[in-house]
Amino acid sequence: QVEVQESGPVLVKPSQTLSLTCTVSGGSITRSYYYWSWVRQPQGKGLEWMGVIGYSGSTYYSPSRKSCTSISRNTSKNQITLQLTSVTPEDTAVYYCAGQNIPLEDLGPSPPIHTMTSRNFGSWGQGTQVTVSS
(Lines give C-alpha, C1' and ligand atoms only; values in the text may rest on other atoms or scores of the structure.)
Protein backbone atom coordinates (compact mmCIF):
# COMPACT_ATOMS: atom_id res chain seq x y z
CA GLN A 1 0.00 0.00 0.00
CA VAL A 2 1.30 3.43 -0.95
CA GLU A 3 1.93 5.86 1.89
CA VAL A 4 2.49 9.58 1.46
CA GLN A 5 4.05 11.98 3.93
CA GLU A 6 4.41 15.74 3.55
CA SER A 7 7.03 17.69 5.47
CA GLY A 8 8.29 21.24 5.67
CA PRO A 9 8.04 24.47 7.66
CA VAL A 10 4.86 25.43 9.46
CA LEU A 11 5.51 29.17 9.31
CA VAL A 12 6.84 31.22 6.40
CA LYS A 13 7.20 34.97 6.14
CA PRO A 14 5.67 36.92 3.24
CA SER A 15 7.89 37.21 0.15
CA GLN A 16 9.90 34.16 1.16
CA THR A 17 10.00 30.80 -0.55
CA LEU A 18 8.02 27.84 0.73
CA SER A 19 9.59 24.45 0.19
CA LEU A 20 7.70 21.25 0.96
CA THR A 21 8.75 17.65 0.49
CA CYS A 22 6.52 14.70 -0.26
CA THR A 23 7.97 11.30 0.56
CA VAL A 24 6.29 8.30 -1.04
CA SER A 25 6.73 4.77 0.25
CA GLY A 26 5.30 1.49 -0.95
CA GLY A 27 5.49 2.50 -4.60
CA SER A 28 7.82 4.24 -7.02
CA ILE A 29 7.02 7.77 -8.14
CA THR A 30 8.37 6.78 -11.55
CA ARG A 31 5.82 4.00 -12.00
CA SER A 32 4.24 4.30 -15.42
CA TYR A 33 1.08 6.38 -15.70
CA TYR A 34 1.31 7.78 -12.17
CA TYR A 35 1.12 11.50 -11.51
CA TRP A 36 1.89 13.26 -8.24
CA SER A 37 0.17 16.54 -7.48
CA TRP A 38 0.33 19.22 -4.85
CA VAL A 39 -3.09 20.28 -3.64
CA ARG A 40 -3.87 22.85 -0.98
CA GLN A 41 -6.90 23.84 1.06
CA PRO A 42 -7.18 27.23 2.74
CA GLN A 43 -9.28 27.22 5.88
CA GLY A 44 -12.95 27.33 5.05
CA LYS A 45 -12.33 26.87 1.33
CA GLY A 46 -12.22 24.02 -1.12
CA LEU A 47 -9.29 22.10 -2.50
CA GLU A 48 -7.05 23.88 -4.98
CA TRP A 49 -4.89 21.91 -7.38
CA MET A 50 -1.50 23.57 -7.74
CA GLY A 51 0.51 21.40 -10.09
CA VAL A 52 1.72 17.94 -10.92
CA ILE A 53 4.80 15.98 -11.90
CA GLY A 54 4.35 12.87 -13.99
CA TYR A 55 6.18 9.58 -14.03
CA SER A 56 8.38 10.80 -16.88
CA GLY A 57 9.24 14.04 -15.08
CA SER A 58 6.90 16.33 -17.00
CA THR A 59 5.32 19.12 -14.98
CA TYR A 60 2.10 21.08 -15.30
CA TYR A 61 0.88 23.95 -13.15
CA SER A 62 -2.31 25.75 -12.30
CA PRO A 63 -2.40 29.10 -14.10
CA SER A 64 -3.23 30.90 -10.85
CA ARG A 65 0.28 30.63 -9.38
CA LYS A 66 2.24 29.17 -12.28
CA SER A 67 4.95 31.83 -12.26
CA CYS A 68 5.73 31.14 -8.60
CA THR A 69 5.35 27.37 -8.52
CA SER A 70 7.96 24.72 -9.17
CA ILE A 71 7.63 20.98 -8.68
CA SER A 72 10.62 18.68 -8.87
CA ARG A 73 11.52 15.16 -7.82
CA ASN A 74 14.31 13.06 -6.44
CA THR A 75 13.81 9.57 -7.80
CA SER A 76 16.51 7.99 -5.63
CA LYS A 77 14.69 9.20 -2.51
CA ASN A 78 11.21 8.77 -3.98
CA GLN A 79 10.40 12.36 -3.12
CA ILE A 80 8.52 15.20 -4.74
CA THR A 81 9.31 18.80 -3.82
CA LEU A 82 7.10 21.86 -4.06
CA GLN A 83 8.63 25.31 -4.13
CA LEU A 84 6.38 28.34 -3.95
CA THR A 85 8.11 31.69 -4.21
CA SER A 86 6.96 35.15 -3.17
CA VAL A 87 4.39 33.79 -0.77
CA THR A 88 1.64 35.94 0.71
CA PRO A 89 -0.85 35.38 3.54
CA GLU A 90 -3.23 34.08 0.88
CA ASP A 91 -0.95 31.06 0.55
CA THR A 92 -1.83 29.97 4.08
CA ALA A 93 -3.35 26.52 3.74
CA VAL A 94 -3.04 22.84 4.41
CA TYR A 95 -0.84 21.41 1.68
CA TYR A 96 -1.36 17.88 0.43
CA CYS A 97 0.58 15.57 -1.82
CA ALA A 98 -1.68 13.26 -3.78
CA GLY A 99 -1.23 10.60 -6.44
CA GLN A 100 -3.25 9.67 -9.49
CA ASN A 101 -3.15 6.75 -11.88
CA ILE A 102 -4.10 8.03 -15.32
CA PRO A 103 -3.95 5.67 -18.30
CA LEU A 104 -2.32 7.16 -21.36
CA GLU A 105 -5.53 7.01 -23.36
CA ASP A 106 -7.32 9.06 -20.68
CA LEU A 107 -4.69 11.76 -20.39
CA GLY A 108 -6.35 14.17 -22.79
CA PRO A 109 -4.82 17.13 -24.61
CA SER A 110 -1.66 18.82 -23.45
CA PRO A 111 -1.42 20.36 -20.95
CA PRO A 112 -3.73 17.80 -19.28
CA ILE A 113 -4.85 20.14 -16.51
CA HIS A 114 -8.50 19.27 -16.96
CA THR A 115 -7.67 15.58 -16.59
CA MET A 116 -5.75 16.21 -13.37
CA THR A 117 -8.43 18.35 -11.77
CA SER A 118 -11.45 16.31 -12.83
CA ARG A 119 -10.29 12.97 -11.44
CA ASN A 120 -10.22 11.76 -7.87
CA PHE A 121 -6.88 11.14 -6.24
CA GLY A 122 -6.10 7.61 -5.15
CA SER A 123 -3.34 8.34 -2.64
CA TRP A 124 -3.23 11.21 -0.14
CA GLY A 125 -0.80 12.41 2.45
CA GLN A 126 -2.08 13.59 5.80
CA GLY A 127 -1.38 17.19 4.84
CA THR A 128 0.81 19.81 6.43
CA GLN A 129 -0.37 23.18 7.72
CA VAL A 130 1.55 26.16 6.40
CA THR A 131 0.96 29.66 7.70
CA VAL A 132 2.31 32.71 5.90
CA SER A 133 2.61 35.58 8.34
CA SER A 134 5.03 38.30 9.33
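Note that this is a predicted model, so its numbers are computed, not measured. Side-chain atoms are counted along with the backbone in the values below, which use heavy atoms only and exclude waters and symmetry mates.
At least one donor-acceptor pair closer than 3.5 Å links the side chain of Gln100 to the backbone N or O of Met116. Remark: the backbone N or O of Arg65 is paired with a side-chain donor or acceptor of Thr69 at under 3.5 angstrom. Under a 3.5 Å cut-off, the side chain of Arg73 and the backbone N or O of Gly54 do form a donor-acceptor pair. Glu6 places no side-chain N or O within donor-acceptor distance of the main-chain N or O of Cys22, the cut-off being under 3.5 Å. Remark: the backbone N or O of Pro112 is not paired with any side-chain donor or acceptor of Ser110 at under 3.5 angstrom. In this structure, Asn101 contributes its side chain and Gly122 its backbone to no donor-acceptor pair below 3.5 Å.
Of the options Val132, Thr88, Asp91, a side-chain contact (heavy atoms from CB on, under 4.5 Å) to Pro14 is made by Val132 and by none of the others. Only one option out of Gln5, Lys77, Gln79 pairs with Thr23 in a side-chain hydrogen bond (donor to acceptor under 3.5 Å, both in side chains); it is Gln79.
Checked by atom type, the side-chain pair Arg31/Tyr55 shows no donor-acceptor distance below 3.5 Å. Between Ser64 and Ser62, the side chains place a donor N or O and an acceptor N or O closer than 3.5 Å (distance only, hydrogens not considered).
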Exercise for the section: Verify side chain to side chain donor-acceptor pair (under 3.5 Å) between Thr30 and Ser28, making sure each step is shown before the conclusion. Expected result: CA-CA 5 Å; Thr30 62; Ser28 175; 2.7 Å; yes
Problem - side-chain contact (heavy atoms from CB on, under 4.5 Å) between Gln41 and Gln129, worked out - result: CA-CA 9 Å; Gln41 184 173 32; Gln129 173 71 52; over 6 Å; no
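Note on Tyr96: it does not cluster hydrophobically with Met50, by side-chain heavy-atom contacts below 4.5 Å among ILVMFWY residues. The hydrophobic clustering, which links ILVMFWY residues whose side-chain heavy atoms are closer than 4.5 Å, places Tyr61 and Val52 apart. Hydrophobic clustering (ILVMFWY, side-chain heavy atoms < 4.5 Å, transitive): Tyr34 and Ile113 are in distinct clusters. Neither Tyr60 nor Ile80 shares a network with the other; the hydrophobic side chains, linked directly or stepwise wherever heavy atoms of I, L, V, M, F, W or Y lie under 4.5 Å apart, form separate groups for each. In the hydrophobic clustering of this structure, Trp49 does not group with Trp36; members are Ile, Leu, Val, Met, Phe, Trp, Tyr whose side-chain heavy atoms approach within less than 4.5 Å, directly or through other members.
Within 6.0 Å of CD on Glu105 lie more than 12 heavy atoms contributed by other residues, nucleotides or ligands.
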